[in-house]
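Worth saying up front: this structure is predicted, and the values here are computed from it rather than measured. Order of the sequence lines sets the chain letters (A, B, ...), proteins ahead of strands, with each chain counted from 1.
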Number of protein chains: 2
Amino acid sequence: MERGALTIQEAAQTTGWSARMLRYIEETGLVVPGRSPSGYRLYGPAELQRLRTLRHLLEEFDVELSDVGFALRMQRDQELADAVGAWLLAPAIRPGEVSDSGWLAYEQDKHLQLLAAAGRTRPRHHDIEEETA
Amino acid sequence: MERGALTIQEAAQTTGWSARMLRYIEETGLVVPGRSPSGYRLYGPAELQRLRTLRHLLEEFDVELSDVGFALRMQRDQELADAVGAWLLAPAIRPGEVSDSGWLAYEQDKHLQLLAAAGRTRPRHHDIEEETA
DNA sequence: AGAACCTTCGCATAACTATGGTAAGGTTTG
DNA sequence: CAAACCTTACCATAGTTATGCGAAGGTTCT
């Protein structure tokens, strides 16, 4: 079998996920490895790095796979991203209105940057790490 | 009690949500109404509109409250947004895999603002309509 | 005062998420 | 060939999400 890519168990070891989870993660569409002609999943350097980063992401910011899955959906569905973005945008802009009981003062997040629709964000040439590859 | 803002039950009726859900939605931080001096929740035009839009959003794109909640988190936590954005960015590219400094690389993608706000439709003066207010 | 609201707290639950197993059956390779 | 992998499929479960309902106790309005 091709050397340069790890099988699921090997990948599991070096990434810290269980083989079971790697299959689950594939199901969610977050990291889909290639397959050998006989159907074995083959994790290359890119996938491995991605899996580690994913792990890091979930741990560092108490985020869940489903959350990242949603972000992925937004990245792929511009319309969805627009809709969500618009919804999020609204609250900030709300001049004088009701509820002025003082206390409910919104923190002025003047910096509601938005995140990402990297979809076509063309020019980012960002390389990946390698593995026992 | 102040007129111009609806109490939870009235708000529930005009938005289609149940009072229970309005409390839940408040818990998630998605729509937090003001309060009367005695503690009653007061939903103003903005909140009402927001609740309807939210409903529309969930229905139109099979999205869940927790998903929007996550988007909200990203909007408020730039660091989180950057991390997720960076992670999402990686997969698309397939240069030729050079490799080196690995993960510290994307750290530079600090400028990947993104996610679609309904942005460009600039003057999308989305006015809020009135209620029995 | 009393009806009709509102509040928080807690119980209950169906559906889903995140994981772990196990079984039946191919694939690789020593 | 047989051990050691891999695959899909299905069972199981702790935890979370999304909802509803009811209790105990303030608030409003008529």
Can you see if the side chain of R35(A) gets near the phosphate of dT8(D) - specifically, an N or O under 4.0 Å from OP1 or OP2? yes

Under-4.0 Å side-chain N/O to phosphate OP1/OP2 contact, R23(A) with dT7(D): yes

What residues, two or more places apart in sequence or in another chain, satisfy side-chain contact (heavy atoms from CB on, under 4.5 Å) together with E64(B)? S66(B), D67(B)

Looking only at side-chain N and O atoms, does Y24(B) come under 4.0 Å of OP1 or OP2 in dT19(D)? no

So, does R73(B) use its side chain to make a donor-acceptor pair with the main chain of V68(B) at under 3.5 Å? no

Quick one: side chains of residues 16-28 of chain A, donor-acceptor pairs under 3.5 Å with protein atoms, not counting sequence neighbours, listed by atom name and distance.
unit_1, atom_1, unit_2, atom_2, d
W17(A), NE1, L51(A), O, 3.1
S18(A), OG, M21(A), N, 3.1
E26(A), OE1, R41(A), NE, 2.4
E26(A), OE1, R41(A), NH2, 3.2
E26(A), OE2, R35(A), NH2, 3.4
T28(A), OG1, I25(A), O, 2.7
T28(A), OG1, L30(A), N, 3.3

Is there a side-chain contact between S36(B) and the phosphate of dC6(C), meaning an N or O under 4.0 Å from OP1 or OP2? no

In residues 58-65 of chain B, which ones come under 4.0 Å of DNA chain D, going by heavy atoms? E64(B), L65(B)

With sequence neighbours excluded, residues passing side chain to side chain donor-acceptor pair (under 3.5 Å) with E59(B): R55(B)

Value rounded to 0.5 Å, distance of CG in L80(A) from CD in Q75(A): 12.0 Å

Short side-chain N/O contact from S66(B) to OP1 or OP2 of dA18(D), under 4.0 Å: yes

Kindly say whether E10(A) contributes a backbone atom to a donor-acceptor pair with the side chain of Q13(A) at under 3.5 angstrom? no

Contact under 4.0 Å: R41(B) side-chain N or O vs dT7(C) OP1/OP2: yes

Between the side chain of R50(B) and the main-chain N/O of W87(A), is any donor-acceptor distance below 3.5 Å? yes

Within the sub-3.5 Å range, which N or O atoms of nucleotides 1-5 of chain D have a protein N or O partner, and how far apart are they?
unit_1, atom_1, unit_2, atom_2, d
dC5(D), O2, Y40(A), OH, 3.4

Counting C-beta onward and ignoring hydrogens, is there a side-chain heavy-atom pair between T15(B) and Q49(B) closer than 4.5 Å? no

Between the protein and nucleotides 20-22 of chain C, list the N/O to N/O atom pairs that are separated by less than 3.5 angstrom.
unit_1, atom_1, unit_2, atom_2, d
dG20(C), OP2, S18(A), OG, 2.5
dG20(C), N7, R20(A), NE, 3.1
dG20(C), O6, R20(A), NH2, 3.1
dG21(C), O6, R20(A), NE, 3.4

